[in-house]
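All heavy atoms count here, side chains included; hydrogens, waters and symmetry mates do not. Reminder, nothing fancy here: chain letters follow the sequence lines and each chain counts from 1.
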Amino acid sequence: MSEDIISEIKKDYICALVEKGEREDGRAFDQYRDISIENGVVNKAEGSAYVKIGGTKVLVGIKIQPGEPFPDTQDKGVIITNVELSPLASPTFEDGAPREDAIELARVVDRGIRESGALELSKLCIEEGVKVWMVFIDVQVIDYDGNLIDAASLGAISALLDAKLPNERYELGKDVPVLVSDLPVAVTAVKIGEKFILDPNLDEEQAASTKLTVISNKDGGLAGMQKSGADTLSPDEIYHIVEMACKTAKDMRKKFLE
Amino acid sequence: MSEDIISEIKKDYICALVEKGEREDGRAFDQYRDISIENGVVNKAEGSAYVKIGGTKVLVGIKIQPGEPFPDTQDKGVIITNVELSPLASPTFEDGAPREDAIELARVVDRGIRESGALELSKLCIEEGVKVWMVFIDVQVIDYDGNLIDAASLGAISALLDAKLPNERYELGKDVPVLVSDLPVAVTAVKIGEKFILDPNLDEEQAASTKLTVISNKDGGLAGMQKSGADTLSPDEIYHIVEMACKTAKDMRKKFLE
Amino acid sequence: MSEDIISEIKKDYICALVEKGEREDGRAFDQYRDISIENGVVNKAEGSAYVKIGGTKVLVGIKIQPGEPFPDTQDKGVIITNVELSPLASPTFEDGAPREDAIELARVVDRGIRESGALELSKLCIEEGVKVWMVFIDVQVIDYDGNLIDAASLGAISALLDAKLPNERYELGKDVPVLVSDLPVAVTAVKIGEKFILDPNLDEEQAASTKLTVISNKDGGLAGMQKSGADTLSPDEIYHIVEMACKTAKDMRKKFLE
Amino acid sequence: MSDKTIEFIEKGRRLDGRKLDELRPIKIEVGVLKRANGSCYMESGGNKVMAAVYGPREVHPRRMEDATKAIVRCRYNMASFSVEDRKRPGPDRRSVEISKVSREAIEPIIIKEHFPRSAIDIFIEILQADAGTRTAGINAASVALADAGIPMRGLVSACATGKVGGHIVLDLMKEEDNYGEADVPIAMDVQNDKVTLLQMDGRLTQDEFKQALELARKGCKEIYEMQRQALIAKYTV
Amino acid sequence: MSDKTIEFIEKGRRLDGRKLDELRPIKIEVGVLKRANGSCYMESGGNKVMAAVYGPREVHPRRMEDATKAIVRCRYNMASFSVEDRKRPGPDRRSVEISKVSREAIEPIIIKEHFPRSAIDIFIEILQADAGTRTAGINAASVALADAGIPMRGLVSACATGKVGGHIVLDLMKEEDNYGEADVPIAMDVQNDKVTLLQMDGRLTQDEFKQALELARKGCKEIYEMQRQALIAKYTV
Amino acid sequence: MSDKTIEFIEKGRRLDGRKLDELRPIKIEVGVLKRANGSCYMESGGNKVMAAVYGPREVHPRRMEDATKAIVRCRYNMASFSVEDRKRPGPDRRSVEISKVSREAIEPIIIKEHFPRSAIDIFIEILQADAGTRTAGINAASVALADAGIPMRGLVSACATGKVGGHIVLDLMKEEDNYGEADVPIAMDVQNDKVTLLQMDGRLTQDEFKQALELARKGCKEIYEMQRQALIAKYTV
């Protein structure tokens, strides 16, 4: 991400602001930028969501097709999550093999959906051992202004809520909505100096030393976590972030998913 | 193709010649270099053609094997066209992934065969939905001295005329010739200054600003076109090339394919 | 292997020693470094061998799984040999696509096992034309101090002797040892100046101009050879190496495999 | 191109009610992305396309740079979910070819000499596909270039014409593309009446081809007008 | 994570007889490789892991180097035969992610400023896998770094905790990992009580998570002691 | 190598009527390509091979260059249609190994010191394959190098011997290669009686191997003579 490295001056400025309890764009530490979600934007997809968090934009499309189950889960559907960091979205995203960032992002989004129990895989079985639904969650990053992971996770669950099983196309009856059993929401905090802020924009993300994503469920419990970046966190810092994240996730869930 | 970039002096010389109505090797603007075709040169292939146009040499081999049809064309055979720009053929062809030139070339040759109706794909069905003939058209470029596309296209149709369905090998009866229903011929013109010449050699190709390939059929109709290169053509220029190309294709077809 | 290139001084020193009939570590020309083999070290593998020849260490694991036979050998099992030059093992082994060294190494080990008749492929058929055993011989290079090929070959045959057909796992009866019909042993000589020494360590390998690997069987006959490196050998030099290699292989076989 | 029997034209109207020489509805939004130097979102029938332009900027790898002018690069890509059957991510042979011809369609109008040793990168993402994605992508890219302030000799405007049920028609929709007799994607520098992209699939007589090219000329002119309006709307106070 | 019914805990003992807060047996060998600058072989339950460190050394490709400090790179890899079903050689998505989080788990304790423009390369090979390979790899890598003489602020010690049959337990074994309710791999700089790796899979309440983290703290301390002893044993005359 | 029962030798003659020590017919054409610096087309039995040499030329990438001598690179490739079952384009493991041993077979005779910091590239294309493609490729490449004017210490000549039906024979044809007992491809610098390529597949006693090597010596001499004649014919006015 060499070109994304912000100047030391900018970084110092952001750190100094945060030290004083302020942010570049005037937000409170636990305040998100404006969020909007638009569903049903891609008619070729079984479900879709166009999510904006401030300047960050991602489009998530769900494709659902019949396929073979894995040998060790003959009666379960399959989830496949992929993230494309299109070069359209940032001067630092290059064409070519997916970078470790894209892979980590996809795997964290995937685990959030999977481990939260949002999709009941046994409900995605068509014929045991023979045919199950393959649910492809494809995240297309359109504009990268920080905090991709929260945008991608929000887009994934929202697109699933929008999705239908295409039974008609495969002569399996009528189309029905995909059954979504929980509503995991990812909230990411970054560490700047000794403070923690939610929903970092790109500059803040660059100025941060490490970050922690916390995915929580409808019942307030945790469904996944991922620390990222080469700095440390004390146990108390972690507990602080977890609490802040679960609280914020609840608000976001109510506002955008319920 | 950096090493192929000819000196500005050479380029100016060629442009000046063309401006005067002349060509380096004394040809008329619509005149091809010497063409020769040899068939049956590869006994492991179901059909083959070794084509020389001046210094340019390509070897086209046809391999035909049974395979599965595509889901949406259960009763049709499959054509797969590939071009290898072997590093043997030019100092600028490197080993490695196929370049966009090779891919474009293969796709234009492929469309010429496909869209002209030269192969009736429904005649290449062995058992509907189960087994069809896969026709591989493999173009091996041996010596690159300009105008690959016309050489490759000519080689492809000529090799198909030479090809047999290998029924015996797969216990499907006697070998029979592949049914070729039309004889598409590609003719390429390049723009040098404000003039258009056919069958550019390598130097002329380097001096040209853009090119247009026109593929025409036995009945004189068009079966494909491809503009290539970053310069413009006026509608009238295009009509001029089309006419020149169709006329020339007719002569080439009569001489080499009928 | 640029970083492995030893200094000219070191190389001259080794050559001078060899010229005098001596070696850096005091060994006779036909003497191996200490060899040790440990079997059964990987419980997830059907067979394994950890081989040390001096500072060189390789771990060979055998995985055996059912799979489809090749179309032209419907009643035969399949051997697949792969060598990983892990970057752990040398500063010159890089991550990425297998280098030609790794491929050559794997193919020579493979041919030794295959051509010697060590494995009777027809005994590895489960159901003709439908299911056969796939025997994967995976060589993980752990520490590279010269003469990988002898270590890898020794590890491969030793791991096969340690291996069981996992019948139980696939409900095919009881596990039984893999039938090993011969005991091929690879012995490698390198040319330094006009002399030949066995089992070169890394420095000697770097100082050598070419090498010859000779694989011989229980009956003293040859089961494979591979010359490697850009220098020549006279026929008499080859005969000398072959004799030395077969004699040494006999000792190694008795000591480590019988 | 197939011979499946569909009644494409009835009483001078097409399957979706359009006249033979009528474009599908077009919607253009300029400057929709934050990070890109220029961008354009375009809908054209069922196509949804995003184009972004980065540059002029440094060339990586350095050996690709040209001491006399900017190099232009273009990447056309379809999102996995943009088509009926999910597309595997990453370039395939089709997208490599379209990237090339799209670049060559756009390059002639860029004044490259203004920026030696630099790169102008054009990225086209097809978010929803419905026949004619390459021409839609070129249209969007052209506007994105203008939005990025890249000096240009004009705009490139593109559309496909084709032969369907024996008629030459403008701007093929999916069914017409799949089962029609010929498809001719064309891009033009309308102000100078020059063709910058020309491909043809299927079968046409020379006369039909002329009709197709003339019809495309008309279509490109209409699109040019819409591109111009979108840019004016964006940049007029 | 699945709901398969296994009686994981009976009378306070786990399937392999361990107590809830008990680590599997650990074996550490320091400096086992000839070529690497530092190395460590570690067994932890059924895991067998080899870690090697090369560096500080020149950076290739050059453009990756940092003028102010060393760059740290890490490659986690599973041998083909390390798992039940043969793994295809080469990196997959899982190993790319683990390489990244392992690197970030180790990097904070390395004093990178001592070696500008150089690289420190960490290679982790899983020779036999039995749940907890990433934490085993981090433990081995940490010792290998010390063996290589890389200046460090401490050691990194790692273990997983999780929820199994309703209980929070230390150091999940294979069955607990496959069929348990949650898995929390953690790495710590024990001396400074700082977390350097934290991931969580499955479902936990906030309270359970706290218990899991506290238990991991205890486990990391025990591992730290073993790492220290192994290094002392190696380097004491 | 298989045990299929074929009567390979009857009355001292082989399946194609050859004697045991007889080569298949060979045809050599020198300088057949326009672009390459040197080239050679060779037929040997059913093998059809084209070899081209480019160089000495600049080395890309630059870091591969050697300040004291030319580097030699070699690429052996089979055309998709050269074998019974279509081969997927691009290098496979077999062709990577053959490229390496072919390069090492040719390199000893090239006087590399004449061209420091440069590359000599050898490309071998198998257009039709019929057992013995690697030796045919080496023979053609050797002539192409001479045609390119690369300074050499001699020529490299190559052929395979093997054991078939209990006999040691020269220049295996397809059936002998597939069903014979052993295959020994050999390349030699005939003038200096030195072996530059030696591989062996199958099973031979030490004595049989000596016979095989002696027979290859004879075969290489005959091929050398043909290579020399072809070059003389080309370069004599």
**Study point:** Spatial distance of atom CG (B:N217) from atom OG1 (D:T205) [nearest 0.5 Å]
**Key:** 12.0 Å
**Study point:** Contact origin within B:I215 toward chain D - heavy atom pairs under 4.5 Å
**Key:** neither
Exercise for review: Could you look at D:D193 and say if it's the side chain, the backbone, both or neither that has a heavy atom under 4.5 Å from chain B?
Suggested key: both
Review point. In terms of heavy-atom proximity below 4.5 Å to chain D, should B:S116 be classed as side chain, backbone, both, or neither?
Key: backbone
**Study point:** Carboxylate-amine/guanidinium proximity below 4.0 Å for D:E97 and B:R107
**Key:** yes
**Study point:** B:D182 side chain near D:R203 side chain, heavy-atom distance below 4.5 Å
**Key:** yes
Point to revise | Electrostatic pair D:K194:B:D231 at N-O distance under 4.0 angstrom | key: no
Point to revise | Winner by heavy-atom pair count (cut-off under 4.5 Å) against chain D, out of B:E243, B:E100, B:E237, B:R114 | key: B:E100
Review point. Side-chain donor-acceptor pair under 3.5 Å between B:K227 and D:T196, yes or no?
Key: no
Study note, to complete from the structure: Heavy atoms of D:P108 and B:T232 approach each other most closely as CB-CG2, 3.7 Å
**Study point:** Distance (rounded to the nearest 0.5 Å) between D:L197 CG and B:S228 OG
**Key:** 10.5 Å
Review point. Crowded around D:E214 CD? As in, over 12 foreign heavy atoms under 6.0 Å?
Key: yes
Check your understanding: With a 4.5 Å limit on heavy-atom distance, are the side chains of B:Q226 and D:L198 in contact?
Key -> no
Point to revise | Full working for side-chain contact (heavy atoms from CB on, under 4.5 Å) between B:M225 and D:D201 | key: CA-CA 7 Å; B:M225 296 180 66; D:D201 262 9; over 6 Å; no
Check your understanding: For D:R63, is it the side chain, the backbone, both or neither that has a heavy atom under 4.5 Å from a heavy atom of chain B?
Key -> neither
Practice item. Please name the pair of heavy atoms, one in B:T81 and one in D:R93, separated by the smallest distance, quoted to 0.1 Å. Key: O-NH2, 3.7 Å
